[in-house]
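This chain uses plain numbering: 1 for the first residue, then up along the sequence.
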Amino acid sequence: MKNKKNIFIIFLLITFSISIIKYNSLKHINKNDIDVYKYIDYADKISENKVQLNWKYIVAIIGVQNSNNFKDVSQIQIETVSKLFLNKSNNIYKLNTLKEVISKLELNTNETKKIYRYIYDLKSYGLVPNRLNDNTEYMHFINEIKESSLINYKKYKILPSITIAQAILESNWGKSRLAKDFNNLFGIKADKYWTGEYVTLETSEYSNTIINDKFRKYNNKNESLRDHAKFLSENERYKNNGVFNANTYIYQARALQSAGYSTIENDKGEKIYADMLINIIRQYNLQLIDSEVQSLKL
């Protein structure tokens with residue numbers, strides 16, 4: 001009996017090893033010919049303000065359809081694949097999962113394996129691939145606050161990508177004094193309604209005037225993230241400008257700017273806060289976190 005059990009275990013190990021070898025023998029995706037900007041642009045164009053598409057899923061499917069050849073991929077093909085992820089019911093858009101789209105395409109087992117292999121190959125790939133490895137300080141910061149951003153999205157409808165991008169921009173990747181010493185990632189001031197702890201620091205106001213002002217103090221970053229989302233949700237101007245009706249990061253970034261969240265301008269006097277958030281989100285694939293949570297069948 002013992003010998004039979006050992007033989008069965010050996011059989012399972014051999015089967016598993018063969019599966020791993022077959023998986024690893026699949027050809028890697030041809031990254032050199034992928035125009036990342038183009039796929040992000042098309043994914044966002046089809047997403048509009050419906051749901052956020054995952055550009056990597058689109059690339060992987062096209063890679064299989066075109067035998068790993070990404071030269072001269074047509075706009076029509078990209079849009080056709082992208083639209084497979086949209087599910088409209090009663091005028092409400094939902095996101096089809098990758099598994100559902102693969103089923104629609106009636107792909108065989110080998111083609112399906114290639115898709116998942118290609119997605120794996122793209123794990124740390126994007127506009128700034130040298131910064132997207134999990135070991136970098138950038139991804140460490142993103143992963144540190146990701147879970148709280150997902151919780152806030154479910155409760156307050158602030159997209160995870162927006163929360164993380166704002167934290168990156170306003171705390172300089174958690175390196176500002178407010179962030180490092182007092183866990184205040186967003187520079188929220190301690191106004192008359194604040195009953196918690198605060199710290200008084202020098203700050204620059206209009207016309208480069210330096211004044212002392214009070215800022216909220218938190219026990220940890222999660223408290224700062226939660227308070228930031230609550231702060232936005234309780235302010236009517238963000239509701240009135242459609243911040244909480246936005247389903248994609250481009251629309252929510254622009255709604256925040258329209259609501260006057262930041263008045264930062266470029267040399268031409270043009271407001272640029274929304275574009276700054278959008279660029280950060282695209283560079284670090286933060287929109288894929290939005291897509292991930294929106295694809296959950298809650």
- [ ] Mind telling me whether Phe186 and His228 have parallel, tilted or perpendicular rings, with 30° and 60° as the class edges?
- [x] parallel

Task: Joint cluster assignment, Ile76 & Leu84, ILVMFWY side-chain distance < 4.5 Å - done: no

Task: CG (Asp72) with more than 12 external heavy atoms under 6.0 Å - done: no

TODO: Run the numbers on Lys113 and Arg117 for side-chain contact (heavy atoms from CB on, under 4.5 Å), then give the verdict.
DONE: CA-CA 6 Å; Lys113 285 181 179 178; Arg117 176 58 196 243; over 6 Å; no

Open item on the list: Is a donor from one side chain sitting under 3.5 angstrom from an acceptor on the other, for Asn285 and Trp55?
Closed with: yes

Open item on the list: Check for me whether the distance between the ring centres of Phe182 and Phe215 falls short of 6.0 Å.
Closed with: no

Task: Check: Arg131 side chain, Tyr138 main-chain N or O, donor-acceptor pair, under 3.5 Å - done: no

Open item on the list: Would Lys157 pass as a cation-pi partner of Tyr153, given that its NZ or CZ must be under 6.0 Å from the six-membered ring centre and within 45 degrees of the axis?
Closed with: yes

Task: Side-chain (Asn90) to main-chain (Ile92) donor-acceptor, under 3.5 angstrom - done: no

Task: N-O pairing of Lys268 and Glu270 below 4.0 Å - done: no

Task: Single-linkage hydrophobic cluster Ile164~Ile151, side-chain heavy atoms < 4.5 angstrom - done: no

- [ ] Only one of Tyr125, Tyr120, Tyr118 passes side-chain contact (heavy atoms from CB on, under 4.5 Å) with Ile29; say which it is.
- [x] Tyr118

TODO: Check salt bridge (Lys or Arg N to Asp or Glu O under 4.0 Å) between Asp267 and all other residues, then give those that pass, not counting sequence neighbours.
DONE: none

Task: Shortest non-hydrogen contact from Leu53 toward Ser47 - done: N-OG, 2.9 Å

Task: salt_bridge(Lys45, Asp41) N-O dist < 4.0 Å - done: no

Open item on the list: Give me the atom names and distance for the closest heavy-atom approach of Pro160 to Val293.
Closed with: CG-CG1, 4.5 Å

TODO: Locate the shortest heavy-atom distance separating Lys146 from Glu292; write the atom from each residue and the value.
DONE: NZ-OE1, 3.4 Å

- [ ] Check the pair Lys50, Tyr251 against side-chain contact (heavy atoms from CB on, under 4.5 Å), reporting the backbone distance first and the verdict last.
- [x] CA-CA 10 Å; Lys50 305 178 184 81; Tyr251 280 75; over 6 Å; no

TODO: Run the numbers on Ser148 and Asn222 for side chain to side chain donor-acceptor pair (under 3.5 Å), then give the verdict.
DONE: CA-CA 6 Å; Ser148 287; Asn222 291 338; 2.5 Å; yes

- [ ] Could you point out which residue of His140, Met139, Glu147 forms a side-chain contact (heavy atoms from CB on, under 4.5 Å) with Asn143?
- [x] Met139

Task: Hydrophobic cluster identity match, Tyr193 and Ile188, side-chain contacts under 4.5 Å - done: no

Task: Distance-only donor-acceptor check, side chains Asn133 and Asn135, under 3.5 Å - done: yes

Task: Rounded distance [0.5 Å steps], CG in Asn172 versus NZ in Lys180 - done: 9.5 Å

Task: CD-CD1 distance between Gln52 and Ile46, expressed to the nearest 0.5 angstrom - done: 11.5 Å

- [ ] Measure the CG-CG distance between Leu95 and Leu86 for me, rounded to the nearest 0.5 Å.
- [x] 7.5 Å

Task: Flag if over 12 foreign heavy atoms under 6.0 Å of NZ, Lys239 - done: no

- [ ] Would you check if there is a donor-acceptor pair between the side chains of Gln77 and Asn66 at a distance under 3.5 Å?
- [x] yes

- [ ] Output yes when a side-chain donor or acceptor of Asn241 lies under 3.5 Å from a complementary backbone atom of Arg237, and no otherwise.
- [x] yes

TODO: May I ask you to decide whether Glu100 forms a salt bridge with Lys94, counting only side-chain N to carboxylate O separations under 4.0 Å?
DONE: no

Task: side-chain contact (heavy atoms from CB on, under 4.5 Å) between Tyr39 and Ile62, intermediate numbers included - done: CA-CA 11 Å; Tyr39 285 97; Ile62 288 174; 3.8 Å; yes

Open item on the list: Tell me whether Asn69 contacts the main-chain N or O of Lys71 through its side chain, where contact means a donor paired with an acceptor under 3.5 Å.
Closed with: yes

Task: Shortest non-hydrogen contact between Tyr273 and Gln166, atoms and distance - done: OH-NE2, 2.9 Å

Open item on the list: Closer than 4.0 angstrom, basic N to acidic O: yes or no for Lys214 and Asp191?
Closed with: no

TODO: Would you please name every residue forming a side-chain hydrogen bond (donor to acceptor under 3.5 Å, both in side chains) with Asp275, sequence neighbours left out?
DONE: none

Task: Backbone N/O of Lys123 and side chain of Lys56: donor-acceptor pair under 3.5 Å - done: yes

- [ ] Kindly give the heavy-atom pair with the smallest separation between Ser233 and Phe244, and that separation in Å.
- [x] CA-CZ, 3.5 Å

Task: Donor-acceptor pair, side chain of Lys31 and main chain of Asp121, under 3.5 angstrom - done: yes

Task: Polar side chain donor-acceptor pair, Asp290 to Tyr249, under 3.5 angstrom - done: no

Task: Spacing of CD belonging to Gln257 relative to CD1 belonging to Ile264, to within rounding of 0.5 Å - done: 10.0 Å

Open item on the list: When you measure from the side chain of Arg216 to the backbone of Lys189, do you find a donor-acceptor pair of N or O atoms at a distance under 3.5 Å?
Closed with: yes

TODO: Give a yes or no on this: more than 12 heavy atoms of other residues, nucleotides or ligands lie within 6.0 Å of atom NZ of Lys104.
DONE: yes

TODO: Output all residues satisfying salt bridge (Lys or Arg N to Asp or Glu O under 4.0 Å) with Lys83, sequence neighbours left out; order by chain, then residue number.
DONE: none

Open item on the list: Could you go through Leu232 and Leu256, starting from their C-alpha distance and side-chain angles, then the distance that decides it, and tell me whether this counts as side-chain contact (heavy atoms from CB on, under 4.5 Å)?
Closed with: CA-CA 9 Å; Leu232 294 176; Leu256 281 169; 4.3 Å; yes

Open item on the list: For Asn183 and Ser224, which I'm curious about, is there any donor-acceptor pair between the side chains at under 3.5 Å?
Closed with: no

Open item on the list: I'd like to check Phe141 versus Tyr284 (side-chain heavy atoms, cut-off strictly below 4.5 Å). Are they in contact?
Closed with: no

Task: Side-chain donor/acceptor of Gln283 to backbone N/O of Val128, under 3.5 Å - done: no

Task: Close side-chain approach of Asp44 and Arg282, heavy atoms under 4.5 Å - done: yes

Task: Distance-only donor-acceptor check, side chains Gln287 and Asn54, under 3.5 Å - done: no

- [ ] Enter the distance from Thr97:OG1 to Ile102:CD1 here, rounded to the nearest 0.5 Å.
- [x] 8.5 Å

TODO: Taking atom types as modelled, find out whether Tyr156 and Glu234 have a side-chain donor-acceptor pair closer than 3.5 angstrom.
DONE: no

Task: Single-linkage hydrophobic cluster, 4.5 Å side-chain cutoff, Leu286 and Leu296 together - done: yes

Open item on the list: What I'd like to find out is whether the side chain of Leu127 reaches to under 4.5 Å of the side chain of Leu132, using heavy atoms alone.
Closed with: no

Open item on the list: So does Asn247 get a backbone contact from the side chain of Asn49, meaning a donor-acceptor N/O pair under 3.5 Å?
Closed with: yes

Task: Value rounded to 0.5 Å, distance of CG in Leu277 from CD1 in Ile272 - done: 10.5 Å

TODO: Using modelled atom types only, decide if a donor and an acceptor are shared between the side chain of Gln252 and the backbone of Leu159 within a distance under 3.5 Å.
DONE: yes

Open item on the list: For a quick test of reading the model, state the closest non-hydrogen atom pair linking Ser82 to Ile78 and the distance between them.
Closed with: OG-O, 2.7 Å

